[in-house]
Amino acid sequence: MGLSMSGFAQQEADSTKVEQLDEVVITDSRFALKRENSGKTVIKISQNEIERNQGRTVSELINTKSGIEINGSRSYAGQNIGTYVRGGRNRQVLVMIDGVQVNDPSQINGDYDFRLLNLSQIESIEIIKGAASTLYGSGAATAVVNITSKKASANKIRGVFASSIGTNQSQKDQNYNIADFNNNVAIDGSLNKFTYRAGFNQQFTDGMSAVITENNEKDAFSKYGVDVNLGYNFSDAFVLNIFGNYTDANAEIDGYNADFNLTDTYDSFNSKQSRAGLSSEFKYNKGSVNLNAAYSEYDRAFISSFPSTFESKNYVLDLYNKYVFNDKFYTILGINALENSALFSKEQTFSIIDPYANVVYVSDFGLNVNAGVRMNNHSEYGTHFTYNINPSYVMKYDNDSYSKLFGSYSTSYIAPTLSQLFGNFGPNPDLEPEENKTIEGGIEYKLSNKFRISGLYFNREEKNFVIYDSTLGYINAADLVKTQGVEFELNATPAKGLSITANYAFVENKEDDPVRIPKHKANLLLGYDFSPKTFASLSYQYTSDRLDTGNHILDSFSLFNLYVSHTAMNNKIKLFAGIDNILNEDYLEISQYTTKGRNGRLGFQLTL
């Protein structure tokens, strides 16, 4: 992923125009379709929104979206991240970067660590909620997070330099010392048919203890990353890009004493990621052949009284043909191959080879259908068939207004991870794969370019859900796990310069109370453009009571955040400032672990 950025005023104007006049979504079909023709719930985080959240992390931004809880995003910088979408777990969320699936095979859930990302590297994020295994394979049971990195500038050379400083303090330790430092540098451009991007990012954050203790010992987190992307347009028909990136993250963490009580310790954690890959597209007549491939290595080490190291690697290849018969009928035929390897007592490996097909039909009388099938071929579990059917119906009115009814029925499949099968903690090679069925239905209404509201109901049934038993290790749950919920989203511009974004989610597990997953969560953002150069926003987030491990009940909490930005010098420089948790709310995300109190930050970005 690169770090390049365009001029702010042009980006914001272009992004706003796209969102209001003709917003396009891609992830649910891999074709650029108008939102009104999509039958899925797709959240689009545009470059405009990313620019207005500078200084925050990827986890913090995604955590403001409906039906999503990113646990750990409000804690000290080195805290582990838990991604819960619609009541699901980490292993049910698939992360993609520039069309390539990313995951660490040595992780218990085989997931990807959002702490390795830097928001300044990202052009946009699309989140498709619900089962999407037919297009994206094993693991896409509750959501796909599709991240697109920055593109090279059309200029011969461009430089972007960004820096921010801020506090990093708990509710009880409001000393306002500067303890958070972020720096980003990027060079990119285009030379005839050749494009290039190169970037460097660095973070150092101190000031908070991981665990709540009397002496409040500080636990630092540091990270740096290097990214390179090179592209060449051989012709109007053929484009090739190669990329590579490296990230090194270090965290001081707290652990357990001789009596197995959580306390201040001098433990630490190191995580390194190396990735290299390519993407290419060959266009012909009405279609294109696309290839995305990558090789990744992950190395993690825990230095403590109970030290451990983890090494893993994976190969991912996705080859597919897109064909447009006409303006109504779109098809994809592809094959996805994946090999995961991880070192435990010895190296363990499994591979997956999946052929898949997807069809999109967009009628001229309002009916739209997105349907697909996939044949999952797993080296440990044989063949599994998944499918989805996703119809919608649009009633169009004057001035780009419409009403839309949509629904879907999808199946998904999640193979146990290498850690669950062969790892160091309670492995069980006899585990069965999880099989999920998801049904959802909803309605969306858009009034011109001023107002859009949507609501939906979802119901998910999970068979062979993998759980951890302190005596038996990893086992399949005997009973079906059933989760249901409702979601509402609102986007409005009731007056010139004023924008309102709001969402609410209710999630219910019918069997028990899921750990760290709120039953109720709501977000509200009020934004105002005082001028084309000055913007301010006030956001609110409510999170209800949650159950934590050890049968601890974590109280509900409410957070208010403020953000202001201003561009100057012909949009070459942008200044921004923010205050998070304005009221210094005292709350917990994870029992016994520290969370952020009132904190401020200042920053700038210079584009040359």
Side-chain angles (χ1 to χ4, degrees), residues 1 15 19 25-28 40-75 77 79-98 101-103 109 111-130 132 136 139-150 182 203 223 485 487 489 491 501-505 507 516-518 521-525 527 537 539-543 546 559 561 563 578 580 589-590 595-596:
M1 296 176 62
S15 179
E19 288 180 351
V25 295
I26 297 174
T27 305
D28 63 330
K40 278 286 191 178
T41 302
V42 182
I43 297 172
K44 185 157 187 176
I45 302 175
S46 67
Q47 178 58 205
N48 184 36
E49 184 173 358
I50 290 173
E51 291 289 348
R52 292 177 169 181
N53 281 274
Q54 285 184 295
R56 295 195 171 103
T57 65
V58 174
S59 297
E60 288 176 309
L61 180 53
I62 294 177
N63 196 37
T64 64
K65 304 309 173 183
S66 65
I68 302 175
E69 169 65 14
I70 308 293
N71 187 264
S73 62
R74 314 172 191 90
S75 300
Q79 183 62 265
N80 289 330
I81 298 298
T83 305
Y84 308 124
V85 180
R86 290 184 171 178
R89 310 302 196 275
N90 287 33
R91 64 179 177 274
Q92 296 168 307
V93 177
L94 184 71
V95 180
M96 301 185 68
I97 300 177
D98 294 330
Q101 176 183 340
V102 290
N103 71 292
N109 288 299
D111 53 333
Y112 185 76
D113 188 350
F114 281 126
R115 293 175 298 180
L116 299 174
L117 298 174
N118 189 299
L119 191 60
S120 68
Q121 304 170 6
I122 295 172
E123 178 70 26
S124 64
I125 303 172
E126 279 193 359
I127 305 169
I128 175 175
K129 290 186 291 184
Y136 297 105
T142 62
V144 173
V145 179
N146 187 14
I147 297 170
T148 301
S149 60
K150 291 283 186 176
N182 286 271
Q203 174 187 354
K223 176 180 69 176
E487 297 173 356
E489 296 183 6
N491 293 272
T501 303
N503 61 67
Y504 165 77
V507 178
R516 297 176 188 166
I517 299 174
K521 187 173 180 182
N523 292 278
L524 172 66
L525 175 70
S537 67
S539 64
Y540 167 76
Q541 182 176 91
Y542 170 78
T543 305
R546 289 135 292 129
L559 301 178
N561 303 323
Y563 175 83
D580 291 341
E589 272 196 303
I590 304 170
T595 48
K596 297 177 184 178

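Minimum heavy-atom separation, I517 to G87: CD1-O, 3.4 Å. Here the shortest heavy-atom pairing between A505 and G67 reads CB-N, 3.4 Å. Closest approach of E489 and S66 over heavy atoms only: OE2-OG, 2.6 Å. Contact record, L117 with K223: O-NZ, 2.8 Å, taken as the closest heavy-atom pair.
Partner of K129 under the side chain to side chain contact (heavy atoms under 4.5 Å, CB included) criterion, out of V144, T142, V93, I43: I43 alone.
Within the structure, the salt bridge (Lys or Arg N to Asp or Glu O under 4.0 Å) test picks out the following pairs touching residues 79-89 (sequence neighbours left out): R86-E440, R86-E487.
Taking the side chain as every heavy atom from C-beta outward, V507 and Y84 never approach each other to under 4.5 Å. No side-chain heavy atom of R56 sits under 4.5 Å from any side-chain heavy atom of L61. V145 has its side chain within reach of I125: a pair of non-hydrogen atoms, C-beta onward, lies under 4.5 Å apart. The closest side-chain heavy-atom distance from I26 to E126 is below 4.5 Å. With a 4.5 Å cut-off on side-chain heavy atoms, I45 and K65 count as touching. The side-chain heavy atoms of I62 and I68, taken from C-beta on, include a pair separated by under 4.5 Å.
At least one donor-acceptor pair under 3.5 Å links the side chain of N71 to the backbone N or O of E589. Remark: side-chain polar atoms of Y136 are paired, donor with acceptor, to backbone N or O of T27 under 3.5 angstrom.
Residues meeting the side chain to side chain donor-acceptor pair (under 3.5 Å) test with N523, sequence neighbours left out: N503, Q541. Judged as a salt bridge (Lys or Arg N to Asp or Glu O under 4.0 Å), and not counting sequence neighbours, the contacts of E69 are R74, K521. Considering only residues two or more places apart in sequence or on other chains, Q101 meets the side chain to side chain donor-acceptor pair (under 3.5 Å) condition with none of them. Every ring pair (Phe, Tyr, Trp, His ring centres under 6.0 Å) that Y540 has, sequence neighbours left out, goes to F560. The side-chain contact (heavy atoms from CB on, under 4.5 Å) test applied to S124 returns T148, not counting sequence neighbours. In terms of the salt bridge (Lys or Arg N to Asp or Glu O under 4.0 Å) criterion, D111 has no residue partners (sequence neighbours excluded). For T57, the side chain to side chain donor-acceptor pair (under 3.5 Å) partners two or more places apart in sequence, or in a different chain, are E60. Residues that satisfy the side chain to side chain donor-acceptor pair (under 3.5 Å) test with D113, not counting sequence neighbours, are R115.
Rounding to the nearest 0.5 angstrom, the gap separating the OG atom in S149 from the CG atom in D98 is 3.0 Å. Between the CG atom in N63 and the CD1 atom in I81 there is a gap of 9.0 Å [rounded to 0.5 Å]. Distance check, rounded to the nearest 0.5 Å: OG1 of T64 to CD1 of I70 gives 9.5 Å. Between the CZ atom of F114 and the OG1 atom of T83 there is a distance of 4.5 Å, given to the nearest 0.5 Å. Note that CG of L94 and CD1 of I128 are 11.0 Å apart. Values are rounded to the nearest 0.5 Å. In this structure, OG on S46 lies 8.5 Å from CZ on R52, to the nearest 0.5 angstrom.
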Begin from the C-alpha positions of S120 and K150 and carry the test side chain to side chain contact (heavy atoms under 4.5 Å, CB included) through to its verdict. CA-CA 9 Å; S120 68; K150 291 283 186 176; over 6 Å; no
